[in-house]
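Reading through the structure tokens given below for one structure.
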Amino acid sequence: MDLQTLAQKPLWKHFFNICNVPHPSGHEDKVREYIVNFAKNLNIECIVDEVGNVILNKKASTGYESRPHVILQAHMDMVAVKGDESTHDFFKDKIEPIFCENNEWIKANDTTLGADNGIGVATALAIVENDKLQHGPLTCIFTVEEESTMKGASHLEAKYLQADYLINIDSEETYGLYVGCQGSYDSILRFKKEYISTENCKNINFAIFNLTGGHSGANIHLGRCNANQTMASILNEVSFDYDFFIKDINGGNFRNSIPNKCNVTLAVPCEQYEDVKKALNTVFEKYKGIYASTDKNMECAIKDVESDSKALSDIDTQALITLILSLPNGALRMSEVDASVTHTSINIGTIKTLEDNIEICLMARSFSIDSLMDITNRVEGISYQCENVTCTQQNLHECWLSPSKNKAIDMFMESFKEVTNEDMFVTVMPAGLECAMFATKNKDLQLLSVGPMILDAHSQHERVKIKDCDYILEALEKALAKI
């Protein structure tokens, strides 16, 4: 099978069309235009709200008017991550889907694929255009900025959620039916920059890259290398024997991705210049060994750079390194419900050198609001140890937990068994879902989340299993006819 043959199926037709238009988070205009035109061609009611969410309303099939009202929901945006050698421009270029792993999976050419959540959008559109499908009143809601601010879900008016059931198509485990998700809370630390003159120094840039990265919720417990904290570890060890001054440091792309690269520019005294370069390489090899099983492709590079003779002082350099080292990172506690699921975690997602400060962004996740507050309070407490650091919290997203049994769940699990001859399991999501916000807007709405197997979301290794996408679509169609 080639891509052209696969695209003859409605789901894959829509997904490849979505891949053809840029849609990083916050820039969903082209996907929204595609959905609006889709609805217009089918003469289906289409509403675009004030923040850019799209709501489609399809009338019930004849004889199904009194059946429960179901909402299908997905988000239009994607995380934009690419490999270090990629020249892809997410604001202009198409995503290039390719087969992988015996042609059983689809991935992209060294970028995120956007199956999270383009496959969800495509699944819903395939269902809407299926005129043979029998169903009750059906609404599709496609939101904006799920991957960045949750703007679409948080601003969606409650009137669009007046239904009996909402099925979110944004989970990434084919055999898992999710009835809960983690909440999240961001901590933003700002380390004030006060540069001094660094005479008699040479400047070098040291980078670690090509790490595995991944989703900061679903992958956080796998022990993958966090480029930001590992960079601090390397610098800390080198500082035991040599002097250097940090000029700038930048790592990671998104707060909700495990950072897969970090680079730092250092001013190094001329007499220690060669020794520091050797030491950086030597210590890097140590950490490459530590993460050999999770980040086997990690690399480093050192190059001379031209720059001005200003950098952080020795004291501030060490303070910044110590701050990054001190921050909590990774899985902190596992779920009592499912020991394979992380209950509480935190990710040092990004470090950016800005004009006046060095910004460090951490994203905490938990199934408990109290645990979220506890971990963010710990981050704030650590920041208080540095006089030139401020800490703010933002983007608090609620946790979500729905009943683990209702008619929609029963019908979907029954339909899935008919399609696959396999059982699903009911569980909770070690990440955030928009369901949490929808649940607060309509207390009577019962929600669940399903989706096909997606591996390494939020990284350039993201891939989706082809047959599992077809399984979820067929099970949804069967379930809608039964609900």
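The structure displayed is predicted, hence computed values, not measured ones.
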Does [X] reach the main-chain N or O of [Y] with its side chain, forming a donor-acceptor pair under 3.5 Å?
X: Thr174; Y: Asp468; answer: no
X: Asn260; Y: Gly214; answer: no
X: Lys441; Y: Tyr160; answer: no
X: Asp410; Y: Lys405; answer: no
X: Asp77; Y: Val144; answer: no
X: Asn37; Y: Glu33; answer: yes
X: Thr112; Y: Ser459; answer: no
X: Asn226; Y: Gln229; answer: yes
X: His458; Y: Asn256; answer: yes
X: Ser368; Y: Asp370; answer: yes

N-O pairing of [X] and [Y] below 4.0 Å:
X: Lys13; Y: Glu129; value: yes
X: Lys467; Y: Glu104; value: no
X: Glu462; Y: Lys107; value: no
X: Asp295; Y: Lys288; value: no
X: Asp93; Y: Lys82; value: no

Crowding at [atom1], [X] (>12 non-hydrogen neighbours, <6.0 Å):
X: Glu85; atom1: CD; result: no
X: Asn43; atom1: CG; result: no
X: Glu65; atom1: CD; result: yes

| field | By side chain to side chain contact (heavy atoms under 4.5 Å, CB included) - contacts of His135 (at least two apart) | value | Lys58, Ser61, Leu133, Leu138, Leu480
| Applying ring-ring contact (aromatic ring centres under 6.0 Å, His included), which residue pairs with at least one partner in residues 36-57 are found, sequence neighbours left out? | His14-Phe38
Just how far is it from atom [atom1] of [X] to atom [atom2] of [Y], taken to the nearest 0.5 Å?
X: Asn406; Y: Met411; atom1: CG; atom2: CE; value: 10.0 Å
X: Asn109; Y: Leu113; atom1: CG; atom2: CG; value: 11.5 Å
X: Cys262; Y: Leu211; atom1: SG; atom2: CG; value: 10.0 Å
X: Trp400; Y: Cys435; atom1: CH2; atom2: SG; value: 4.0 Å

Work out which heavy atom in [X] is nearest to a heavy atom in [Y]; give both atom names and the distance.
X: Met363; Y: Ser216; result: SD-OG, 4.3 Å
X: Ala60; Y: Gly136; result: CB-C, 3.5 Å
X: Ser187; Y: Val379; result: CB-CG1, 3.9 Å
X: Ala207; Y: Asn263; result: CB-CB, 3.7 Å

| message | Against Thr149, only a single residue in Glu145, Lys151, Glu147 fulfils side-chain hydrogen bond (donor to acceptor under 3.5 Å, both in side chains); can you say which? | response | Glu145
Test item: [X] and [Y] side chains (from C-beta on) under 4.5 Å apart, heavy atoms:
X: Cys225; Y: Tyr287; answer: no
X: Leu327; Y: Leu189; answer: yes
X: Phe15; Y: Thr123; answer: no
X: Leu56; Y: Thr139; answer: no
X: Met437; Y: Met150; answer: yes
X: Gln73; Y: Glu434; answer: yes
X: Asn57; Y: Ile47; answer: yes

| request: Output, in order, the C-alpha distance, side-chain angles, deciding distance and verdict of salt bridge (charged side-chain N to carboxylate O under 4.0 Å, His left out) for Glu101 and Arg463. | output: CA-CA 10 Å; Glu101 299 185 30; Arg463 56 205 184 276; 2.8 Å; yes
[Y] versus [X], side-chain donor and acceptor atoms under 3.5 Å:
X: Asn297; Y: Asn210; answer: no
X: Asp186; Y: Gln393; answer: no
X: Arg365; Y: Thr344; answer: no
X: Asn17; Y: Tyr34; answer: yes
X: Asp374; Y: Ser371; answer: no

| Stepwise side chain to side chain contact (heavy atoms under 4.5 Å, CB included) test for Phe284 and Met298 | CA-CA 10 Å; Phe284 169 79; Met298 67 186 292; 3.7 Å; yes
| said: Let's go through Trp105 and Phe99 carefully: what are the C-alpha distance in whole Å and the side-chain angles of both, what is the deciding distance for side chain to side chain contact (heavy atoms under 4.5 Å, CB included) to 0.1 Å, and is it a yes or a no? | reply: CA-CA 6 Å; Trp105 297 71; Phe99 287 110; over 6 Å; no
| Can Ile409 and Tyr165 be said to form a side chain to side chain contact (heavy atoms under 4.5 Å, CB included), step by step? | CA-CA 10 Å; Ile409 291 173; Tyr165 302 107; over 6 Å; no
| query | With under 30° as parallel and over 60° as perpendicular, where do the rings of His88 and Phe90 fit, or are they tilted in between? | reply |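 Rings of His88 and Phe90: perpendicular, over 60°.
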| salt bridge (Lys or Arg N to Asp or Glu O under 4.0 Å) contacts in which one or both residues fall within residues 109-122, not counting sequence neighbours |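 Counting only pairs at least two positions apart or across chains, no salt bridge (Lys or Arg N to Asp or Glu O under 4.0 Å) contact touches residues 109-122.
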| Run the side chain to side chain contact (heavy atoms under 4.5 Å, CB included) check on Leu473 and Glu477 step by step: do they pass? | CA-CA 6 Å; Leu473 172 61; Glu477 291 178 333; 3.8 Å; yes
